[in-house]
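Notes follow the structure.
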Amino acid sequence: MNKHVNVTDRAPTDLSRRSFLVGSAATGLVLGYAAVPGVDSALAAPSNFEPSVWYSIAPDGLVTVTCGKADMGQHIASTMAQIVSEELGASWKDMRVQLASNDPKFNDPVLGAQITGGSWSTMMNFDAMSRAGAAGRMALTEAAAGIMGVPAAELVVRNSTVSHPKSKKSMTFAEIVKSGKVTKTFTPDELKAIKLKTPDQYTMVGVSVPQLDIPPKVNGTAKYGIDVMLPGMVYGKIVTPPVRYGVTVKSVDDSAAKKVPGFIKAVTLDDQTGSTTGWVVAVANTYANARKAADALKITYDNGPNAKLSSQSLLDEAKRLQALEDSGQFFVKDGDTAAAFGTAAKVLEAEYTTSINIHAPLEPMNATAEFKGEILHIYSGNQFATRSGAIAAGAAGIDPKFVVMHQMWLGGGFGRRLDADMMVPAVQAAKAVGKPVKVIYSRENDMTMDYSRPLTFQKVKAGLDGDGKLIALNHDVVSAWPTARWGIPDMLSPSVDKKGSLDSFTVNGADFFYSVPNHNVRAIKNEMAHNATPSGQLRSVAPGWTFWAVESMIDELAHATGQDPAQFRIALLDGKGKNDGGAQRLRNTLLAAIGMAGYGTTKLPKGEGMGVACVSSQERATASWTACVAHVAVSPSGEVKVKKLTVATDVGMQVHPDNIRAQVEGAALWGLSLAMYEKATLKGGGIEQTNFDAYTPLRMSQTPEVAVNVIANGDKPTGVGEPAVTVIAPAIGNAIFNACGARIRSLPITAEAVKANMKA
């Protein structure tokens, strides 16, 4: 198996490159940096106790946890607070949360860059945040012991109180902080040596406590990017070109726009960051007037090199590239597949495709930019503050150290807000007019300028021996490379054939946990798609398409040899060699799912079927083991009704059980939406679908029963936001085959395709 590099491989093991300060005069959270002129560098109140940059305790005993991850409804800020609270010994009623800025102090050597994706947040933060909480508890205990004159080893910390049972003395966190006696510091080695609680000692982790972000979201005090209001602020409305990328503006006639009340200026973007091409921003005193002015602009374009491209163009190019023996790079290269195919008793080949998909979060893209002297302030909800600060700086033509990002709550992200294109028009418009500018994308802007899930083409060739055992598999994956577009070399992976770097986030999942002695996976970049439809990471990323191919082919192989598809998978999940551990956990989830669903034991009416799939999403190194049984009914006309989805998932340790269940349910429904209903198309270089009348995600009336079994086994926590997305489409496709004999290989699944492939 290849050793490919990914973000999790690079996660530092040292807890800090600096001493972990615990003191009563530590600096609090400041939106800005003292070394930069024009930025407020006021210190927190001297009596605040700040055990780390990630939380502080005020003299009134309130504990405020700073979340360095984007919170887009998945309650990650509350989860971080829950982890801290467990080891700190704080009462949940005393916990509060806030979101981090892009201050360099939050680019922690343990937690890494401020990026939210990959279902990494809890798994990559659990240990460090636990140690931060434990260090705070130890410092408070030492201070209380000195004040009360008792041995620290005899003290108990619970519900924000340090008590001494023998003498019945006690002090609240508030009283200890007010004393100013908390002075203990921890070196990195001391932090690593802290003995954390074992799961049987938990009182907070594993409890479905009230989410801290819900009350402010209900009463309106939680501010999203779209809510930002600044003194003297004006509005920008973008005019997007007819071609998604590569177009340039030839001329702008603003004579009609000048008749709109409140119109200020039309700004043609000169974006050196490469995020946008051919955009114009109409700036006015209100959003309504900015929209009117934008509509009144007469713009002529050079439509550029992608003006004639379509979805079919991209697919044709993908097929051409796949047919070339020397295209792409190898992600997996085990054994000798060519020799194995030469001796195989049976060989199957199939092609699988997925369409362009877009994010379309409820809150459209937005950003507000304001220059204060040399400092650029950006207000926006963002999933990749580390990169986005650089994009904003590039748009302004300034050093990134002069950019202060104010992180807002996100009204949906799903990977879309990993990109920072919304900051470019806000920054350049603010610079042009000398006032704060808020840019809000219309729904049409948001959809046509999405960084989409790429159109993909995959070819799978599999060989079976005379006993029906899988002995060889070739898997070619052709797509745009979203991560390569970011221009961050460290986020690419070296290919196993030494031909260069590849985007592993386009092939993750193809390195599955089935035991196949001869296995090749080739990653092929579709340069045409890469340029014409700049692609991004959409919830589930590569496993959303790689497992569509893998799990569909596994089913086809089972049926071709007369074996039950579930039992065929169980035999492949033998845990040999590199698959030790992972295969067993995946097999357990599959057994749990088929048991819950009654797969193989329930007699179904004609036209109904159950299908299985199991996945190790999101990445091999950070998998959550997930299986699904889909139950469908197919009408003679090919219409598919999904009656029930049964999902079992092994997520290691549960921090918040109710939230995990909600995430898995939501992910399953997102997977259903992608499988059955969502499709965007490229025509004339532009995305055709501009609103929800044409791009049609799952509606409530189409929602089936979803049954969830979460397997919590005390292992380190894994991700839950995405894995269940990836298992749904193949389970549905396999269920359709069992219901009517139609083998579907393209997403989304349509009634026309089902009917055309039905067996008589």
Side-chain angles (χ1 to χ4, degrees), residues 1-11 115-121 123-124 328-334 352 354 357 414-415 418 453-454 456-458 460 473 475-486 488 490-496 501-514 516 519-526 535-554 578-579 582-583 585-586 613-626 649 667 671 674 718-730:
M1 179 63 194
N2 61 308
K3 175 65 176 74
H4 62 277
V5 177
N6 60 36
V7 172
T8 54
D9 292 330
R10 292 189 295 274
I115 182 171
T116 308
S119 299
W120 298 328
S121 295
M123 72 173 74
M124 294 181 69
Q329 292 112 291
F330 280 97
F331 178 60
V332 176
K333 197 166 179 41
D334 291 342
Y352 301 92
T354 65
N357 294 111
F414 320 120
L418 287 165
R453 177 166 111 161
T456 71
F457 172 74
Q458 300 175 79
V460 182
L473 190 140
H475 186 178
D476 294 338
V477 184
V478 192
S479 72
W481 284 8
T483 318
R485 181 179 55 79
W486 289 349
I488 304 175
D490 284 351
M491 294 197 75
L492 300 179
S493 304
S495 64
V496 296
S501 296
L502 57 82
D503 186 350
S504 65
F505 295 99
T506 65
V507 282
N508 282 324
D511 54 341
F512 45 63
F513 279 82
Y514 296 127
V516 183
H519 182 203
N520 287 349
V521 178
R522 187 166 53 137
I524 304 170
K525 182 182 181 183
N526 187 339
S535 297
Q537 317 288 10
L538 186 144
R539 184 179 185 179
S540 79
V541 195
W545 59 80
T546 57
F547 277 119
W548 163 239
V550 168
E551 287 298 292
S552 295
M553 174 55 83
I554 292 295
K578 67 188 179 187
N579 298 319
R585 293 178 73 172
L586 186 54
C614 58
V615 302
S616 52
S617 299
Q618 271 313 99
E619 301 160 74
R620 188 179 172 91
T622 59
S624 288
W625 321 99
T626 310
T649 185
L674 290 170
T718 62
V720 297
E722 298 172 279
V725 175
T726 70
V727 77
I728 303 302

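Just so you know, these numbers come straight off a predicted model, no measurement behind them.
- Checked options Glu551, His475, Arg620, His519; the residue passing with Phe512 is His519 (criterion: side chain to side chain contact (heavy atoms under 4.5 Å, CB included)).
- Taken from OG in Ser501 to CH2 in Trp481, the straight-line distance is 8.5 Å, to the nearest 0.5 Å.
- In this structure a side-chain-to-backbone donor-acceptor pair under 3.5 Å is missing from Asn357 to Arg453.
- Looking at heavy atoms from C-beta onward, Leu538 lies in side-chain contact with Leu674 at the 4.5 angstrom threshold.
- What you find for Ala667 and Ala724 is that their closest heavy atoms are CB-CB, 3.7 Å.
- At distances below 3.5 Å, at least one donor-acceptor pair connects side-chain atoms of Thr726 with backbone N or O atoms of Pro723.
- Closest non-hydrogen pair, Asp503 versus Ala484, comes out as OD2-N, 3.6 Å.
- At a threshold of 4.5 Å between non-hydrogen side-chain atoms, the residues Val550 and Val460 do not count as touching.
- Taken to the nearest 0.5 Å, the CZ atom of Phe331 stands 4.0 Å off from the CG atom of Asp511.
- No side-chain heavy atom of Phe330 sits less than 4.5 Å from a side-chain heavy atom of Leu502.
- Counting only N and O atoms by type, the side chains of Gln537 and Trp486 include no donor and acceptor under 3.5 Å apart.
- The NZ atom of Lys578 lies 3.5 Å from the CG atom of Asp334; values are rounded to the nearest 0.5 Å.
- Residues Ser552 and Tyr352 come closest through the heavy atom pair CB-CE2, 3.5 Å.
- Using a 30° and 60° split on the angle between ring planes, Trp625 and Phe513 fall in the perpendicular class, above 60°.
- Heavy atoms only, all atoms of each residue included: Ser121 and Thr116 are closest at OG-CG2, 3.9 Å.
- Asn508 is not listed as a side-chain neighbour of Thr546, based on a closest heavy-atom distance of 4.5 Å or more.
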Item checked: Intermediate values then yes/no, side chain to side chain donor-acceptor pair (under 3.5 Å), Ser479 and Thr456 -> CA-CA 5 Å; Ser479 72; Thr456 71; over 6 Å; no
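- Between Ser495 and Gln329, the shortest heavy-atom distance links the atoms CB-CB, 3.5 Å.
- Side-chain atoms of Val727 and Phe547, non-hydrogen and from C-beta on, never get closer than 4.5 Å to each other.
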Check: So Val477 and Ile524, side-chain contact (heavy atoms from CB on, under 4.5 Å) or not? Walk me through it.
Finding: CA-CA 6 Å; Val477 184; Ile524 304 170; over 6 Å; no
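- Across Ala480 and Thr506, no two heavy atoms sit closer than the pair O-CG2, 3.6 Å.
- Counting only heavy atoms from C-beta outward, the side chains of Tyr514 and Cys614 approach each other to under 4.5 Å.
- Between the side chain of Gln458 and the main chain of Trp545, a donor-acceptor pair closer than 3.5 Å is present.
- For the atom pair CZ of Arg585 and OG1 of Thr626, the computed distance is 10.5 Å after rounding to the nearest 0.5 Å.
- Between the side chain of Gln618 and the main chain of Ser540, a donor-acceptor pair closer than 3.5 Å is present.
- Among the candidates Ser624, Ser617, Ser119, the single residue satisfying the side chain to side chain donor-acceptor pair (under 3.5 Å) test with Glu722 is Ser119.
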